Asker: 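Please see the structure below; I have some questions.
Atoms within a ligand are numbered from 1 in the order they appear, just like the ligands themselves. Note that the structure is predicted; figures quoted are calculated from it, not measured.
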Amino acid sequence: MTKLTVQALQWTGNALKVLDQRQLPETVAYDMYDDAAGVTEAIATMRVRGAPAIGIAAAYGVVLSAYRHYHASPDDWRDKVVVDMAMLAQSRPTAVNLFTALATMGQALNASTGNPLADLLACAERIHADDVSANHRMGELGADVIGQVKGILTHCNTGALATGGYGTALGVIRSVAGRQTVAVYAGETRPWLQGARLTVWELAQEGIPVTLIADSAAAWLMKSGAVDWVVVGADRIAANGDTANKIGTYALAVLARQHGVKFMVVAPTTTIDWGIQSGAEIEIEQRDARELLPACYHAPESLISAWNPVFDVTPAALVTAIVTERGVVLEPSETTMGNLR
Ligand code: MRU
C-alpha cells in the first residue's frame, strides 16, 4: 500500500490527534482531543472536514467518550456515551458518513459484553482502515474508467485530508497520475478555499503537479478543451444517484454537460444514504455569513448580509459515473444504483 505522507487523523492510544486544516497551508499544527466535546468542536469548526474524515473522527470521539465515562460512571456510562453521540451528531448536518459511523459505533456499544473499551476502539479503527482500503480500490476503479486522459478538474479537497487516507476523487487522480502524465486542475472552492489551501498543498506533498484556477474560470477552462473529466467527491448520495457535494459542484456538472466533459463522483458506500430517494431530501448546511463577508461588514447594524450554503446537489442525470469500492455505476439512476446494495 502507498505510503501516506498526509494524515488528517491519528489515534495516539488515548487521544485523537487532528491536523488543524484551518491553518493550512501556512502552518502545519496538530491538536489533541481526549473527549467527545472536543471532537465535536473540531468537526463543527472544520479543523477536521471532508465527509469520511468527519465520520472517522466521530467514531474516535465515541471511543474517547467511553474511555472517560466507563470508570467515572460505572453504572450509567453507556447512557453518557449515548448523550455524547447525540452531541457528535449535531456537529454538521450534510455528510452522511457522520451518521453512518455513529450508527456503527452504536451497534458496537450495544453488542459489546466482554471488554467494551477494546471493542469500541476496534470498531473505530476498523471504520478508519476500511475507509483507507476503499479509497485505494476506488482509485484503481476510477483510473480504469478514465483511461487515457489529458486533463482533470477537481473541486474542494477530497484527499487524505478529507478521508482516512489516500482520498476519494483525489485518490483517483493520484492513481491516474501514477499511470500517466495528466494535467490536474483544482478550483479554489470559495468561500473556504479547500482547493486553494488544501488540495494544491496536498498534491504538492505527494509530488503531483497541479494548476489552481479561480472557480469562475472553470467554464473557460472546459471551453479550451484542456480537461476531459471533472472528478469530485460526495457528502451524501441519494438512492437515485443525486449527489450532495461542496457548493459549486452542481455548477461544474452543468458546465461539463455543456462542454462534453465527463463527470465522475467518487465516494465510498458509507456516503450513500439508501434511506432517501432523491437529493431533495438532503439537508444543506448553511454556515455563518461571516465566513463569506469581509470583516468590515460583520457589524450587526450592517445592511450587507450573505447567503452561505456550503453544499449543493448535482442531479444524477448530469453524472457520468459514480465510483465506489463496491463497483462503478455508469449513468446513475435508482435502478443502476441498486447494483451497489
Ligand atoms: O465542508 P467540507 O470541507 O467538509 O466539504 C467537503 C466536501 O464537500 C468534499 O468534497 C466531500 O466531503 C468529499 S471528501 C472525500
Asker: Between Val231 and Val176, is there a shared hydrophobic cluster once you connect ILVMFWY residues whose side-chain heavy atoms come closer than 4.5 Å?
Answerer: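 The answer is yes; both residues are in one hydrophobic cluster.
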Asker: Describe, in one word, how the ring planes of Tyr166 and His136 are oriented to each other, choosing from parallel (under 30°), tilted (30 to 60°) and perpendicular (over 60°).
Answerer: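 Parallel.
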Asker: Does ligand 1 have any N/O atom under 3.5 Å from a protein N/O, and what are those pairs and their distances?
Answerer:
from     : atom 1 : to     : atom 2 : distance (Å)
ligand 1 : 1 (O)  : Arg92  : NH1    : 3.4
ligand 1 : 1 (O)  : Arg92  : NH2    : 2.8
ligand 1 : 1 (O)  : Lys246 : NZ     : 2.7
ligand 1 : 3 (O)  : Arg49  : NE     : 2.8
ligand 1 : 3 (O)  : Arg49  : NH2    : 3.2
ligand 1 : 3 (O)  : Gln194 : NE2    : 2.9
ligand 1 : 4 (O)  : Gly50  : N      : 2.9
ligand 1 : 4 (O)  : Arg92  : NH1    : 2.8
ligand 1 : 8 (O)  : Asp235 : OD1    : 2.7
ligand 1 : 8 (O)  : Asn245 : OD1    : 3.3
ligand 1 : 8 (O)  : Lys246 : N      : 3.2
ligand 1 : 10 (O) : Asn245 : OD1    : 2.7
ligand 1 : 12 (O) : Ala51  : N      : 2.9
ligand 1 : 12 (O) : Asp235 : OD1    : 3.2
ligand 1 : 12 (O) : Asp235 : OD2    : 3.0

Asker: Between Asp20 and Gln23, does any side-chain donor sit less than 3.5 Å from a side-chain acceptor?
Answerer: yes
Asker: Using 30° and 60° as the class limits, which term best fits the ring planes of Tyr60 and Trp11: parallel, tilted or perpendicular?
Answerer: parallel
Asker: Ring of Trp192, cation from Arg197 - is the NZ or CZ under 6.0 Å from the centre and inside 45° of the axis?
Answerer: yes
Asker: In terms of hydrophobic clusters joined by side-chain contacts under 4.5 Å, are Ile213 and Trp229 together?
Answerer: no
